[in-house]
Protein chains: 2
Amino acid sequence: MNSKQTTEEKIKEAAKDIFMKKGYSATKTRDIAEHAGINLALLNYYFRSKEKLFNQIMMESMSSFFQGMIMVFMDKESDLEQKFIKIVDGYIEQIKQQPDTPLFILSEMQRNPDEFLSKMTKKLKIQDTILYQQLIAEIGKEKLESVNPIHFLVNLMSMTLFPFIAKSMLEHIGDINSQQFNALMEERKMLIPMWIKQMLR
Amino acid sequence: MNSKQTTEEKIKEAAKDIFMKKGYSATKTRDIAEHAGINLALLNYYFRSKEKLFNQIMMESMSSFFQGMIMVFMDKESDLEQKFIKIVDGYIEQIKQQPDTPLFILSEMQRNPDEFLSKMTKKLKIQDTILYQQLIAEIGKEKLESVNPIHFLVNLMSMTLFPFIAKSMLEHIGDINSQQFNALMEERKMLIPMWIKQMLR
DNA sequence: GTCTATATTCTGATAGAC
DNA sequence: GTCTATCAGAATATAGAC
């Protein structure tokens, strides 16, 4: 199964693992080569440079990270509650497989804001989404005038993503292990949409 | 005013700025020296090494980050709602001055989990705090059996800290500038405690 | 395509003059 | 205390054989 991978795939997989864990600067190309079970020269043969390899992985990570979100945000069939559930469930399920993704993306964005932000999120303005329209339609008139609807979407993302970002800290101060952490996140799949609905009332 | 600083203070301030923005590995000692307006050799004269300088700054950042929190968590005078307000208000006010702090601390923890986690948070187990006791006292019996109280504290931290961590992304997709972002965070000082209270009911 | 050996650049740290 | 010049090691990238 591992042997079915092409060399290029092996390098990319190793690179992804290490870049995600340590970030761009702390990652050594020698480390990647070693973990991929190949020689350092081969890495440059396939990807020309560390930075090009990184950019490829970064772009793919951001794509899969935003892709799902955009589709749900723009879906015309589902109602507001269904969208909440899809977003929370989708992210938790996806990130459980790669828990380092959110911190990785946000850290590297911070390191080099222009590079990535402009490329990926130019298309997505919250205010232009179906989700946003459905949201303001749902909120009561009086509440709409006193509270910016953005807050609720920020809450949705915060409660879903932050636990992964602070995972190691939470496990320490909450005195739980990795398994218990995952169980908590599993519970949150139902809880977060419920809490958000509650806030809108 | 800038000239009243000692050389040591100038180096530390420059180091803090750059470490916070770029993290340990992406920071060059030459960069720090330049921003401090001194020579590279002088940095080593005062701090011996990049790592020692970093550790000093990291420790101070974590102290001021957790210090306030621990005190509120253990305060016997205030009730639950007052604690919520103090925590949210305190953090937002503090981090508005240094918006990079949360992402910096969480990134570097990820980079080197043992180094910092064990030192700083060993004392603080959530379940041993007054806040936690007050929380389970407040939650209805039926709810207490179905929902782990940790969730509410996770929500409190998530809604408070995550916006700063995702600041640049939020400003992009929310189509707002830095000033508007701060205004939103100002609003959240009142909103977050209210939302949490609502969840407990 | 893959490797070994090597060139090149970068970066943290020190020696030594002032 | 502060600087210039320099070293030593690390890390990226390439040359060239197989």
What nucleotide, of [options], holds the atom closest to the side chain of [X]?
| X | options | value |
| --- | --- | --- |
| B:Asn44 | C:dA13, D:dC3, D:dA13 | C:dA13 |
| B:Ser49 | C:dT4, C:dA13, D:dC3 | C:dA13 |
| B:Ala41 | D:dT4, C:dG1, D:dT2 | D:dT4 |
| A:Lys50 | D:dA13, C:dT14, C:dT2 | D:dA13 |
| A:Ile38 | D:dA13, D:dT2, C:dC3 | C:dC3 |

(message) I'd like to know if the side chain of A:Gln110 and the backbone of B:Lys22 have a donor-acceptor N/O pair within less than 3.5 Å.
(response) no
(request) Using atom types as modelled and distance alone, determine if a side-chain donor or acceptor of B:Glu9 lies under 3.5 Å from a backbone N or O of B:Thr6. (result) yes
If I take atom [atom1] in residue [X] and atom [atom2] in nucleotide [N], what distance separates them, rounded to the nearest angstrom?
| X | N | atom1 | atom2 | answer |
| --- | --- | --- | --- | --- |
| A:Leu53 | D:dA13 | CG | C1' | 14 Å |
| B:Phe47 | C:dG12 | CZ | P | 15 Å |
| B:Ile32 | C:dT11 | CD1 | P | 12 Å |
| A:Ile11 | C:dC3 | CD1 | P | 9 Å |
| A:Leu40 | C:dT6 | CG | P | 15 Å |
| A:Asn39 | D:dC18 | CG | P | 16 Å |
| B:Leu43 | C:dT14 | CG | C1' | 13 Å |
| B:Lys28 | C:dT9 | NZ | P | 17 Å |

(message) Would you say B:Thr7 places a side-chain N or O within less than 4.0 Å of OP1 or OP2 belonging to D:dT2?
(response) yes
(message) Check the phosphate of C:dT11 against B:Thr29, side-chain N and O only, distance under 4.0 Å to OP1 or OP2. Yes or no?
(response) no
(message) With a 6.0 Å cut-off on the ring centroids, do A:Phe164 and A:Tyr91 count as close?
(response) no
(message) Quick check: B:Phe54 with B:Phe19 (ring centres under 6.0 Å apart)?
(response) yes
Under 4.0 angstrom, heavy atoms only, what part of the nucleic acid is [X] near: base, sugar-phosphate, or nothing?
| X | result |
| --- | --- |
| B:Tyr46 | sugar-phosphate |
| A:Arg48 | sugar-phosphate |
| A:Ser25 | nothing |

(message) Run B:Asn155 and A:Arg188 through side chain to side chain donor-acceptor pair (under 3.5 Å) and show every step you take.
(response) CA-CA 10 Å; B:Asn155 291 347; A:Arg188 290 176 80 81; 2.5 Å; yes
